[in-house]
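Since the structure comes first, as structure tokens, the remarks are kept for the end.
Quick caveat, the model's predicted, so the values are computed rather than measured.
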Amino acid sequence: MLVFKKVVAAIFMILSIIAVVVLIVALFGSWLVRGRLETITIDLLLAGENVIAVTREGLDQVDEILAASHGTVEEVDIRVKEIGTDVQESDPLFAQILDSIGIDLKSGLENASDRFSQIEANIIAINDAVDAIMEIPLLNVESRFPSVTKLQQVEDQMAQLRQDVTALAEEVKNNREEIIDGKIEAVTGITTGLKDGLHTTRTDLQDADERLSESSKSMAELRERIPGLYTMITILLNLLFLLAILAFISLFLHAWQYFKCPADGLSGLMPGECEQVPAAA
């Protein structure tokens, strides 16, 4: 029975030593992990901020194209209303209108649509990256990125604008005589729809830009807080590790005492001399 007690005590001592070694390694390793995790997180946030900056520049460029398109529609509106009754005199003006529609409007909106497709992909990628960062405990990024639904809505609006431009070109090209006669309601109806659509799309782009700006500020603020936050977490973990080390050292000392005095039972766990076992008569 005494041998069994010594074996049990020896097992507890071995386990205590292993636990203390593991905890000491974890104690020092936590600072290495902290540094690595801090670097990774800050790099992710910086990358997100850089992509947001590029994306916002792209949104500004798309907005400039749409603003220019709005001006072109205004010019088409004015020129249609200026068309006179003389067919020969009106031919150069019709040519200018069709050039404005085919070159300025059509190519501009196609360029804006292509740019926005890349912007949409960037925003979705940033959103996924922020979701990954949010999985890290105690981190909080105020994500106000435009929703996929909103992005798709803007994309649909641009597709509709391109269709309206095509319809406008067809209306001007195929109904020249009606326009010369002053029947311009069909044309002005399309141009009015274009101007409204451009205004709505630009408003949505501005909202997306504001959301990206707020998200970028939130990421920058979190990046500034990361070192202090990770240091605090590491110190708290170190305190837990130290308490655990002390607990296992205590377990080792009690197991050692029990190993020396297995005959004393539970009283053998207390430090001191072993009780004398009376000799058999």
Side-chain angles (χ1 to χ4, degrees), residues 1-53 122-145 212 214-275:
M1 188 63 179
L2 294 179
V3 173
F4 175 75
K5 291 182 178 180
K6 284 193 173 186
V7 170
V8 172
I11 291 174
F12 275 107
M13 284 190 292
I14 293 171
L15 292 176
S16 298
I17 292 172
I18 293 173
V20 169
V21 172
V22 170
L23 287 169
I24 290 175
V25 172
L27 187 70
F28 290 99
S30 63
W31 290 99
L32 297 176
V33 172
R34 172 209 170 275
R36 182 60 179 166
L37 187 59
E38 177 185 326
T39 300
I40 292 174
T41 307
I42 289 178
D43 287 346
L44 281 173
L45 291 170
L46 278 174
E49 291 176 57
N50 291 334
V51 174
I52 287 177
N122 289 344
I123 293 175
I124 293 174
I126 300 170
N127 211 348
D128 291 342
V130 171
D131 288 341
I133 295 173
M134 290 292 289
E135 295 297 326
I136 301 175
L138 300 180
L139 296 187
N140 182 25
V141 179
E142 185 180 353
S143 177
R144 296 193 68 244
F145 292 102
L212 288 173
E214 292 175 6
S215 296
S216 180
K217 290 178 182 178
S218 180
M219 294 171 74
E221 291 173 357
L222 177 60
R223 181 166 49 82
E224 295 294 329
R225 291 189 287 110
I226 284 294
L229 180 62
Y230 281 177
T231 298
M232 180 187 70
I233 294 173
T234 306
I235 291 174
L236 291 176
L237 286 175
N238 286 174
L239 290 175
L240 293 176
F241 290 153
L242 287 173
L243 290 175
I245 289 172
L246 293 175
F248 279 110
I249 290 176
S250 176
L251 177 61
F252 174 84
L253 294 176
H254 283 85
W256 170 247
Q257 188 67 26
Y258 192 75
F259 181 83
K260 292 193 303 180
C261 308
D264 293 351
L266 293 178
S267 62
L269 296 175
M270 304 302 294
E273 298 294 331
C274 298
E275 294 183 2

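Here the CG-CE distance, from Asn50 to Met219, works out to 9.0 Å after rounding to the nearest 0.5 Å. In this structure, the separation between CD1 on Ile245 and CG on Leu240 is 11.0 Å, given to the nearest 0.5 Å. One finds the CG atom of Leu229 at 8.0 Å from the CG atom of Leu222 (value rounded to the nearest 0.5 Å). Between atom CD of residue Glu224 and atom CG of residue Leu45 there is a gap of 10.5 Å, rounded to the nearest 0.5 Å.
Around atom CZ of Phe252, more than 12 heavy atoms belonging to other residues, nucleotides or ligands sit under 6.0 Å away. Other residues, nucleotides and ligands contribute only 12 or fewer heavy atoms inside 6.0 Å of the CH2 atom of Trp256.
The shortest side-chain heavy-atom distance between Leu242 and Leu246 does not fall under the 4.5 Å cut-off. For the pair Phe241/Leu237, a side-chain contact is recorded, criterion being any heavy-atom separation below 4.5 Å from C-beta on.
Ala255 approaches Ala9 most closely through the heavy-atom pair O-CB, 3.5 Å.
Pairs passing the salt bridge (charged side-chain N to carboxylate O under 4.0 Å, His left out) check and including a residue from residues 243-254, sequence neighbours excluded, do not occur. For residues 38-48, the salt bridge (charged side-chain N to carboxylate O under 4.0 Å, His left out) pairs, not counting sequence neighbours, are Arg34-Glu38.
In this structure, the side chain to side chain contact (heavy atoms under 4.5 Å, CB included) partners of Ile40, at least two apart in sequence or on a different chain, are Arg36, Leu44.
Remark: side-chain polar atoms of Ser216 are not paired, donor with acceptor, to backbone N or O of Leu212 under 3.5 angstrom. The backbone N or O of Tyr230 sits less than 3.5 Å from a side-chain atom of Thr234, completing a donor-acceptor pair.
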### Task
Would you sort out whether Val7 and Ile11 count as a side-chain contact (heavy atoms from CB on, under 4.5 Å), showing the intermediate values?
CA-CA 6 Å; Val7 170; Ile11 291 174; 4.0 Å; yes

### Stepwise side-chain contact (heavy atoms from CB on, under 4.5 Å) check, Phe28 with Ile24
CA-CA 6 Å; Phe28 290 99; Ile24 290 175; 3.8 Å; yes

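With respect to Ser30, the side-chain contact (heavy atoms from CB on, under 4.5 Å) criterion is satisfied by exactly one of Leu37, Ile233, Asn238: Asn238.
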